[in-house]
Structures are given as C-alpha cells and as structure tokens.
Number of protein chains: 2
Amino acid sequence: MTQKRIQILDAAAELIADKGFVHTSVDDVIARAGLSGKSHFYHYFKSKESLGHEVLARQFDVLAERGLAILREPTLEPLERVNVFIDSVVALQAERGGRSSSPFGALATEMAAMDEGFRVRIARVFRSWTEEIAGLLGQVKDQLEEDTDPLRLARFIVATLEGATTMARMKRDVSLMHGVATDLKRFVAGHVRRSLST
Amino acid sequence: MTQKRIQILDAAAELIADKGFVHTSVDDVIARAGLSGKSHFYHYFKSKESLGHEVLARQFDVLAERGLAILREPTLEPLERVNVFIDSVVALQAERGGRSSSPFGALATEMAAMDEGFRVRIARVFRSWTEEIAGLLGQVKDQLEEDTDPLRLARFIVATLEGATTMARMKRDVSLMHGVATDLKRFVAGHVRRSLST
DNA sequence: TGTCCTTAGGACCAAGTAGTCCTATTCTTC
DNA sequence: GAAGAATAGGACTACTTGGTCCTAAGGACA
C-alpha cells in the first residue's frame with residue numbers, strides 16, 4: 001500500500017534533484033514511477049505541492065537517520081561526534097556525486113523561493129540541526145573556551161557545511177569539500193580549551 | 001534608449017528575487033516596468049530567457065565587482081581586506097533585508113538546474129573570489145602559520161559566507177550572519193603567527 | 001460471491017503563458 | 001518636415017500543466 005507511494009516519492013526525488021521542482025511535471029513523475037495515469041497519481045497524493053512537501057520531509061529523514069544517529073552516538077565523545085558528523089555530510093555528498101538534495105542543497109533554495117510553506121519547512125531543518133549540535137556543544141561547555149557560544153558555533157558549522165555543499169555542486173568538484181571539512185574541524189578544535197586540547 | 005532596458009532589468013530582478021524566474025511572467029515584468037504591452041517588451045528583449053540571462057549577468061557583475069574591488073583595495077593590509085570583504089557580504093545581505101539577491105539565490109539556483117551556462121557562471125564567481133582571497137593570503141604567507149594552506153582557507157571563507165547567506169535567507173534572520181562573520185574573522189586571525197598577532 | 005482497494009486509460013477543463021502580428025500614435029533627431 | 005525609433009494596445013495562437021471525472025478491469029480477502 002505504501003510501497004507504490006514510496007516509489008513515487010523516490011521517482012519524484014530523483015527528478016527534482018535533477019531538474020528542480022518547478023521543471024518537474026506531474027506527468028514526468030507518473031512516467032518515471034510507472035503509473036497508469038493522473039488518476040493513479042492523485043490516488044496517492046492530494047496535489048503536486050503535497051508531493052513536494054513529502055519529498056522534502058523524506059529527504060530530511062534520510063539525512064537525519066544518518067546525522068542524528070551520529071550526533072547521538074553514546075560511544076563517542078561529544079566533540080568527536082561533531083567531527084564525525086562533519087565527515088558524514090561530506091561523505092554523503094561525495095557518494096551522491098554532488099547531486100544531493102536535502103537542506104544542504106539547492107533544491108531547497110528553489111522550493112523555498114516559490115512557496116512559503118517550503119521555506120518554513122527548510123528553515124525548520126536548519127534549526128533542528130543547529131539545535132542538535134548546539135545541545136551537544138552545551139554538554140561539553142566546560143571543555144570549551146569560556147567565551148564560546150554553543151549556538152553561534154553550531155550555526156557556523158551548519159552554515160559552512162551548507163555553503164561547501166553548494167560550492168561543490170556548482171563547481172562540480174566534490175573534493176573541495178574535504179578541505180573545507182578539515183578547516184571546519186580545526187575551527188571547532190580551536191574552541192577547545194588549550195589546557196585540554198593536548 | 002538603454003534607459004528603459006535598465007528599468008525592465010530592474011523590475012525583472014525584483015520580481016525574480018521575490019517569486020523565482022519560472023513564476024515571474026512576462027506580463028508581470030511588463031506591469032512592473034510600466035510597459036504598454038508585449039510588443040513593447042519584445043521590442044527590447046528577444047525572449048524571456050534572454051531577459052533571465054541579462055538579469056543574472058548584471059547581478060553577477062555588480063556582486064563580483066563589489067567583492068573584487070574590496071579584495072584589491074590597495075590602501076588596506078591584505079588580511080584587513082579579507083575582513084572587510086567578509087563584512088561586506090554580510091552588509092549586502094543585510095541591506096537587502098535578507099531578500100534574495102545573492103548570486104546564490106533563487107534565480108541562480110533555479111537557472112543552474114536547468115541551464116548549464118548559468119551553472120558555469122556561478123562557478124566562476126566562486127572561483128574568482130576564492131582565487132583572489134587565496135592570492136591575498138599567499139602575499140602574506142610569511143605572516144601566517146606554516147601549515148596554513150591559502151587556497152584551502154580561501155575556499156573555507158567563501159563556502160562559509162555562502163552557507164551563512166543561504167541560512168539567513170531561509171530563516172529570514174540576517175542577524176545570525178553577524179555571528180558567523182565574527183567567528184570567521186576570528187578563525188582567519190587564528191592563522192596569523194602568534195609572534196606577530198599581538 | 002461480494003466488497004474494497006489498486007491499477008488502467010482516457011477525456012476533458014481551466015488557467016496561465018510565451019510569443020506573434022497588426023495598427024496607431026507620439027517622440028527624436030537629422 | 002520626414003524617417004525611424006519608442007510607446008500604446010489589443011487580438012490571437014499554440015502549448016503546457018495541474019487537476020477533475022468517469023468508466024472499467026484485476027486482485028485481495030472475508
């Protein structure tokens with residue numbers, strides 16, 4: 001029952017990642033997902049817009065599955081988790097050959113511009129990542145320099161990852177993400193108290 | 001003669017920043033620019049697409065030049081120029097009230113997805129900034145820590161600024177860019193040799 | 001066997017849009 | 001004052017697209 005639904009979601013995700021949401025027609029999705037026609041599609045989704053919402057939500061879920069698992073991994077030191085998280089974003093991007101999506105992508109930008117609902121959803125994704133990381137940093141605040149603001153640092157991390165992703169996609173060069181990740185980890189390390197850092 | 005053309009370009013830029021390229025109709029542009037009708041518009045532009053190209057090109061020029069002008073400002077110390085550049089990106093975003101406008105905004109992303117030429121154009125802006133910054137850092141390499149890689153650091157700076165811009169736009173909160181900018185400048189300062197930094 | 005969900009397929013509508021064409025009037029400029 | 005460009009305005013075409021509606025066949029399950 002949900003099987004076909006997921007097929008549709010996947011087909012749509014691919015098409016959108018490729019051509020953007022606006023340039024993906026319902027008929028495209030129907031063809032790609034192997035549906036019989038409009039009625040078949042509308043049997044599963046109320047509208048194209050709701051499809052878009054679900055695609056975004058699903059994309060976030062996929063990323064969240066990986067990302068949040070890392071950020072909550074109890075066997076790792078909090079700061080180490082942040083590092084592994086950074087690497088995982090890079091890895092995910094590399095593995096998808098630069099054509100990712102998710103909030104750390106461009107599809108989001110396009111969708112946000114055309115629909116306020118989408119924008120809000122994406123803003124929420126940014127926030128949840130930021131808060132998750134900030135929470136983690138807050139846990140180890142005693143290990144950080146006194147003037148370190150966990151929230152601000154978290155925002156910085158998220159912003160940089162997002163920027164690196166976009167840059168990599170535009171330049172068609174995933175490799176540069178590694179360099180950015182290296183510096184980003186160093187940036188985080190720079191907030192660790194000197195007395196503890198060695 | 002070019003006056004009206006510019007009016008049209010400006011009107012289109014505003015509309016596109018607001019609703020995206022696809023959702024901006026030629027009639028919208030006509031209304032906003034105060035033209036008499038289709039014929040009036042097509043008197044100046046060959047097609048909607050060519051209008052899009054020109055709008056984008058114009059924005060890029062303004063932005064790229066603005067950035068490069070700062071990075072090449074001879075009266076400032078190289079490292080100071082980088083700081084001013086960072087601030088200027090923030091200022092630009094703030095001044096436009098978080099509304100699109102950046103080269104990595106809605107239009108650029110949307111167009112990049114559907115047109116290879118646009119993508120290349122965006123990549124070029126990234127590259128010119130990155131190279132300019134890297135060159136600047138290279139000039140003062142003797143003032144920097146030995147393990148500092150100018151190119152990598154330059155990429156980091158550009159990526160972070162881009163990410164912060166996108167995040168600010170999504171969250172409709174320009175203020176968070178200030179925090180990112182502050183941290184970014186501090187990070188750059190952190191690469192200056194200890195013996196020189198005081 | 002009967003019921004309900006799924007798949008099929010197509011007709012159709014309403015709306016919006018890019019772009020063409022045609023005719024006039026006004027404004028510049030030589 | 002004549003020529004050409006700019007402005008005005010509207011009719012009209014061709015096409016795409018989201019979405020509705022209707023009918024009917026196949027499958028699952030009780």
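Computed from a predicted model, the values in this text were never measured in an experiment. Residue numbers begin at 1 in each chain, while the letters A, B, ... track the order of the sequences.
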Residue closer to the 5' end of DNA chain C, A:H43 versus A:S39 (nearest nucleotide):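 Comparing both residues, the 5'-ward one is A:H43.
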
Parallel, tilted or perpendicular: which describes the rings of B:F156 and B:F187, with under 30° parallel and over 60° perpendicular?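 Correct class here is tilted.
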
Round to the nearest Å and state the distance from [X] atom [atom1] to [N] atom [atom2].
X: B:I30; N: C:dG19; atom1: CD1; atom2: P; result: 11 Å
X: B:K46; N: C:dG19; atom1: NZ; atom2: P; result: 9 Å
X: A:H23; N: D:dT16; atom1: NE2; atom2: P; result: 15 Å
X: B:D27; N: D:dG10; atom1: CG; atom2: C1'; result: 12 Å
X: A:Y42; N: C:dG9; atom1: OH; atom2: C1'; result: 16 Å
X: B:K48; N: C:dG16; atom1: NZ; atom2: P; result: 15 Å
X: A:L35; N: C:dT7; atom1: CG; atom2: C1'; result: 9 Å
X: B:H40; N: D:dG9; atom1: NE2; atom2: P; result: 11 Å

Ignoring backbone atoms, establish whether B:Y44 has a side-chain N or O less than 4.0 Å from OP1 or OP2 of D:dT7.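 Answer yes for this pair, as a side-chain N or O of B:Y44 is under 4.0 Å from OP1 or OP2.
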
Report yes if a donor N or O on one partner sits less than 3.5 Å from an acceptor N or O on the other, where the partners are the side chain of A:K38 and the base of D:dG18; otherwise report no.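 For A:K38, whose side chain was compared with the base of D:dG18, there is a donor-acceptor pair (under 3.5 Å).
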
Could you tell me which non-hydrogen atom of A:R32 sits nearest to which non-hydrogen atom of A:A11, and how far apart they are?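 Taking A:R32 first and A:A11 second, the nearest heavy atoms are CG-CB, 3.4 Å.
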
Backbone N/O of A:K19 and side chain of A:H23: donor-acceptor pair under 3.5 Å: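 No, because the side chain of A:H23 does not come within donor-acceptor range (under 3.5 Å) of the backbone of A:K19.
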
Donor-acceptor pair, A:K48 side chain versus A:F21 backbone, under 3.5 Å?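 Checked: pair present.
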
